[in-house]
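Data first, discussion second: the structure below is written as structure tokens.
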Amino acid sequence: MSFTFPSVSITGTGLFTPPESISNSELCASLTASVEKWNAEHADEIAAGTLVERSAPDEEFIVKASGIESRYVMEKSGVLDPDRMRPRLETRSEDQLGIQAEMALPAIRDALAQAGRADTDVDAVIVGCSNLQRAYPAVAVEIQDALGAEGWGYDMNVACSSATFSMQAAVDALRNGSAKCVVVVNPEITSGHNNFELRDFHFIFGDACTALVLERTDDAEADGVGDRAHRWEVLGTKLATQFSNNIRNDFGFLNSSEVDDREPHEVIFRQNGQMVFREVCPLVVAHITDHLESLELDATGVRRFWLHQANLKMNQLIAKGVLGRVPDENEAPVILNEYANTSSAGSVIAFHKHRADLDAGDLGVICSFGAGYSVGSVIVRKA
Ligand code: CO8
């Protein structure tokens, strides 16, 4: 007996872009001031060889190594203050909406408008992101409450791959009938966990929030709501993980119980960027190639790749590995020049901004990858 899974579609997408942007030159100026101050304050230890002098950043290096020109953040003045080097976020009372729920709502409402659905049509909310503001109550449950929605919600974290991992969770829920209208939302405030004091990390990340609405295709068709031009059928999802310490964040519940004190920057984001570059690119190429093959699809038939936005060279290498030639920007659109690496939001920002020009029947691949390591792909076809 064979069983056919019900078809699921993405029926809408939305994006919240924070109002404040930081250019590379602003970022380099504040880090240079901070480095000079730090080196002066630690001159004796540096002279004694017990501390290593910190190096100043270089704008040209950033663009050449990553393709990043600017990034949006939820709060700019604190990041650029050489005496602070991290955002200055107001402490909110329990009666106030949390900052992640606040950035999620406009993105979700954009996505619901495309899908032709109301807040109360939602019956499941999955928050997938690298940087959750608290352990509990789940941000997803707070969002569910703010929407006035019923059903259920939960938070999940698979770093940058949280977008595609949460999309697969949504597809599974829709196929097995545990939800009818799922919102997947990626509220990333990476600036709260980036190390702006070290030149190796300060330029990499930005803040943003993306949202997707997923429903069974027959529900969307039967109800006749939403704009069909925004609808993309999910042909398949594929996830993979492989343990690595090359991207790591040790912030957690046990920090205060540890016997040895660690420096604050030891328990936020850190990575060995070169190793990540070298190890993740071939993993992603093989992953997308296998996924397409499993659906009997040829890479040359894929009209667009919406890849995780961490590094321009990385994306060019991955698209080249899959296609056998260097892709043009139309085939693998870039948003990281403006947004930097927004972790789980990156591939969805690319999908949100760069799909309206495609035709019915066109194929595309949404792919995210990052810490874990983790890789996820979602193959879609325009309705
Ligand atoms: N200005 C000047 N020089 C610099 C700067 C700078 N801003 N940054 C580094 N350098 C220096 C280095 O110190 C080094 O100097 P030296 O040779 O004297 O030691 C030199 O430049 C070369 O450094 P790298 O070898 O590190 O340079 P790369 O060419 O490898 O470029 C990149 C660095 C851009 C980071 C690159 O390696 C890269 O993009 N790798 C892929 C990384 C990636 O994709 N990571 C994914 C992380 S995201 C994720 O999955 C987790 C989510 C986390 C959420 C966010 C929380 C904050």
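In the model, Y373 has a side-chain atom that pairs as donor or acceptor with a side-chain atom of E279 under 3.5 Å. Side-chain contact of S377 with H291: a donor-acceptor pair under 3.5 Å is present, judged by distance alone. A donor and an acceptor atom, one from each side chain of R71 and N341, are nowhere located under 3.5 Å apart. Between the side chains of N330 and R303, at least one donor N or O sits under 3.5 Å from an acceptor N or O. Residues S7 and R175 have side chains that never bring a donor and an acceptor to within less than 3.5 angstrom of each other.
With hydrogens and angles ignored, the 3.5 Å screen pairs a side-chain donor or acceptor of S166 with a backbone N or O of A163. Between the side chain of D155 and the backbone N or O of A138 there is no donor-acceptor pair closer than 3.5 Å. The backbone N or O of V139 sits nowhere less than 3.5 Å from a side-chain atom of Q100 that would complete a donor-acceptor pair. D359 places no side-chain N or O within donor-acceptor distance of the main-chain N or O of D362, the cut-off being under 3.5 Å. A side-chain donor-acceptor contact under 3.5 Å links E75 to the backbone of G78. At distances below 3.5 Å, not a single donor-acceptor pair connects side-chain atoms of N194 with backbone N or O atoms of F196.
No salt bridge links K180 with D121; every basic N to acidic carboxylate O contact stays at or beyond 4.0 Å. Between R355 and D357, none of the side-chain N atoms (NZ, or NE/NH1/NH2) sits under 4.0 Å from a carboxylate O, so this pair counts as no salt bridge. A salt bridge is defined here as a Lys NZ or Arg NE, NH1 or NH2 lying under 4.0 Å from an Asp or Glu carboxylate O, and E142 with R134 meets this definition. E258 and R262 are joined by a salt bridge, as a carboxylate oxygen and a charged side-chain nitrogen come within less than 4.0 angstrom of each other.
Tested against E197 for a salt bridge (Lys or Arg N to Asp or Glu O under 4.0 Å), the candidates R54, R86, R84, K37 yield a single pass: R54. Exactly one of P87, C209, P187, P18 qualifies for a side chain to side chain contact (heavy atoms under 4.5 Å, CB included) with M74. That residue is P18.
By the criterion of side-chain heavy atoms lying less than 4.5 angstrom apart, applied directly or through intervening Ile, Leu, Val, Met, Phe, Trp or Tyr residues, L174 is grouped together with Y154 in one hydrophobic cluster.
Dense packing is recorded around CD of E26, with more than 12 heavy atoms of other residues, nucleotides or ligands lying under 6.0 Å away.
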